[in-house]
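Quick notes on the structure that follows.
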Amino acid sequence: QKEKDKGIKHIVRIPDQHLVMLLDPNADDKADVLRVNRTKEKRFAFDYAFDEHTDQRTVYEKTTRFLVDGVLKGFNATVFAYGATGSGKTHTMI
């Protein structure tokens, strides 16, 4: 909510479950002549990408559930979760 109150632009887009796009917050800056003809976004591909509306069960089902049986049989598994502090990463994995 603090970001909305400050008028900060939303620059992250997740058009599908594998792609994250970061938009240039200064894309409208006409004075930036060095980047006039360059793309204003960056794209990153992941096994799965989730937006702020995705519930924890969906994150668990897509990323971790299939590993549990192997762990219980003695195999090792790793889940790398990246996100902001307080976004629910640990809660989702537990």
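No experiment lies behind these values; they were computed from the predicted model shown.
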For [X], give me all partners under side chain to side chain contact (heavy atoms under 4.5 Å, CB included), at least two apart in sequence or on another chain.
X   : answer
F44 : L22, K42, F46
L67 : A77, V79
I8  : E3, K6
D51 : I14, H53, T54

field: Pairs touching residues 10-21 that satisfy salt bridge (Lys or Arg N to Asp or Glu O under 4.0 Å), sequence neighbours left out
entry: none

[X] versus [Y]: any side-chain heavy-atom pair under 4.5 Å?
X   : Y   : answer
H10 : E52 : yes
R43 : V20 : no
F66 : E61 : no

Test ring-ring contact (aromatic ring centres under 6.0 Å, His included) applied to Y48 - qualifying residues, sequence neighbours left out: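 Listed in chain order: H18.
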
- request: Name all residues meeting the salt bridge (charged side-chain N to carboxylate O under 4.0 Å, His left out) criterion together with D69; count only those two or more places apart in sequence or in a different chain, and write none if there are none.
  value: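 Per chain and number, D69 pairs via salt bridge (charged side-chain N to carboxylate O under 4.0 Å, His left out) with K73.
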
query: What residues, two or more places apart in sequence or in another chain, satisfy side chain to side chain donor-acceptor pair (under 3.5 Å) together with D47?
result: none

field: hydrophobic_cluster_shared for F80 and V71, side chain cutoff 4.5 Å
entry: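 Per the 4.5 Å side-chain linkage, V71 and F80 are not co-clustered.
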
Single-linkage hydrophobic cluster L19~L23, side-chain heavy atoms < 4.5 angstrom: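 Yes, same cluster.
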
